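Here's the structure we're looking at; comments come further down.
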Amino acid sequence: MLLKIYDKLLNHFGNQNWWPADTKFEVIVGAILTQQTSWKNVEKSIKNLKNENVLEPKKLFNLPVKTLEILIRPSGFFKVKSKRLRSFLEFFVENYDGNLDKMFELSLNDLRNNLLSVHGIGPETCDSIILYSGDKPVFVVDAYTLRLCERYPIIKTKKYEEVREFFEKNLPKDVNLFKEFHALIVELGKNYCKIKPICEKCPLNEGCKHEISNNDMPNR
DNA sequence: ACCCAGGTGGCCC
DNA sequence: GGGCCACATGGG
């Protein structure tokens with residue numbers, strides 16, 4: 001079932017090659033900045049950080065908050081997100097000396113729990129970090145994934161943990177597959193799921209229960 | 001002038 | 001446990 005959906009999406013959209021970033025650390029910063037924000041805007045912030053040569057753990061840690069706010073302004077919620085970046089950096093430098101290998105040495109479970117304890121890192125950001133920066137097999141669930149589950153009915157619950165476990169149990173434990181699948185679901189959501197008329201051309205048109213409104217995103 | 005974007009935490013009931 | 005709200009910029 002899930003693999004069939006995956007194949008259709010892959011055939012239609014092709015390989016997405018997520019996450020676009022030069023370093024693992026950049027992935028983490030991007031994961032926090034992209035919360036409820038278009039990637040285009042995040043790119044501007046990332047570019048600013050690179051231009052200032054501060055896109056490294058200790059350098060970012062030592063950056064004054066005011067400066068950080070200015071640099072990440074294009075990606076929105078800049079005061080909230082500068083705090084969230086600070087929370088992560090403090091956690092990261094204090095516990096792992098700003099060393100990603102050290103952090104990712106943890107067991108999947110400890111890693112998840114520790115990241116989730118950081119203020120501003122919720123389930124999706126946590127799992128994006130683990131999958132795309134840590135290369136470990138957790139499935140990232142987002143609002144698009146929940147909507148997909150609703151429309152085909154794949155699973156009744158809308159609870160993050162349950163949906164994540166369902167995908168992980170019903171797919172081969174393949175990091176690359178998890179990366180691509182999540183990216184493809186996002187691509188699907190961006191292109192086809194908003195307005196009913198477009199559904200005719202949707203690769204998942206068959207069996208879709210999209211009947212109602214233009215916007216029925218789970219968290220709006 | 002709207003509407004939306006690769007969420008999260010706070011507060012209320 | 002669920003429902004609503006603030007957070008903010010840039011693009012369509």
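What you see is a predicted model; the values in this text were computed from it and never measured. Note on naming: letters A, B, ... go to the chains in the order of the sequence lines (proteins, then strands), and numbering restarts at 1 for each one.
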*Charged N to carboxylate O under 4.0 angstrom, A:Lys58 versus A:Asp97?*
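Salt bridge between A:Lys58 and A:Asp97, a charged N being under 4.0 Å from a carboxylate O: yes.
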
*Is A:Trp19 stacked on the base of B:dG6 when the test is centres under 5.5 angstrom and planes under 30 degrees?*
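Stack criterion not met.
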
*Compare the aromatic ring of A:Trp39 with the six-membered base ring of B:dA5 and state whether they stack according to the 5.5 Å and 30° rule.*
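Not stacked by the 5.5 Å and 30° rule.
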
*Does B:dG7 have OP1 or OP2 sitting under 4.0 Å from an N or O in the side chain of A:Gln36?*
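A:Gln36 to B:dG7 OP1/OP2: side-chain N or O found under 4.0 Å.
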
*Kindly say if A:Thr37 contacts the phosphate of B:dG7, meaning a side-chain N or O under 4.0 Å from OP1 or OP2.*
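For A:Thr37, the contact criterion (side-chain N or O under 4.0 Å from OP1 or OP2 of B:dG7) is not met.
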
What is the nucleic acid contact for [X], judged by heavy atoms within less than 4.0 Å: base, sugar-phosphate only, or nothing?
X: A:His182; value: nothing
X: A:Ser75; value: nothing
X: A:Lys81; value: nothing
X: A:Lys79; value: sugar-phosphate

Taking [M] as the reference, what is the distance to [N] when you measure between their [atom1] atoms (whole Å, please)?
N: B:dG10; M: C:dA8; atom1: P; result: 15 Å
N: C:dA6; M: B:dC3; atom1: P; result: 15 Å
N: B:dG6; M: C:dG3; atom1: P; result: 24 Å

*A:Arg164 to A:Phe139 six-membered ring, cation-pi geometry met (6.0 Å, 45°)*: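 No, a cation-pi geometry is absent between A:Arg164 and A:Phe139.
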
*Using the six-membered ring of A:Phe61, assess whether NZ or CZ of A:Arg86 lies under 6.0 Å from its centre and within 45 degrees of the ring axis.*
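Judged by the rule (NZ or CZ under 6.0 Å from the ring centre, within 45° of its axis), A:Arg86 counts as positioned above A:Phe61.
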
*asked:* Return whichever of A:Lys159 or A:Asn41 has its heavy-atom-nearest nucleotide of DNA chain C closer to the 5' end.
replied: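 Looking at the nearest nucleotide for each, A:Lys159 comes out on the 5' side.
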
*Is there a donor in the side chain of A:Asn114 and an acceptor in the side chain of A:Tyr96, or the other way round, less than 3.5 Å apart?*
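Side-chain D/A pair, A:Asn114 to A:Tyr96: present.
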
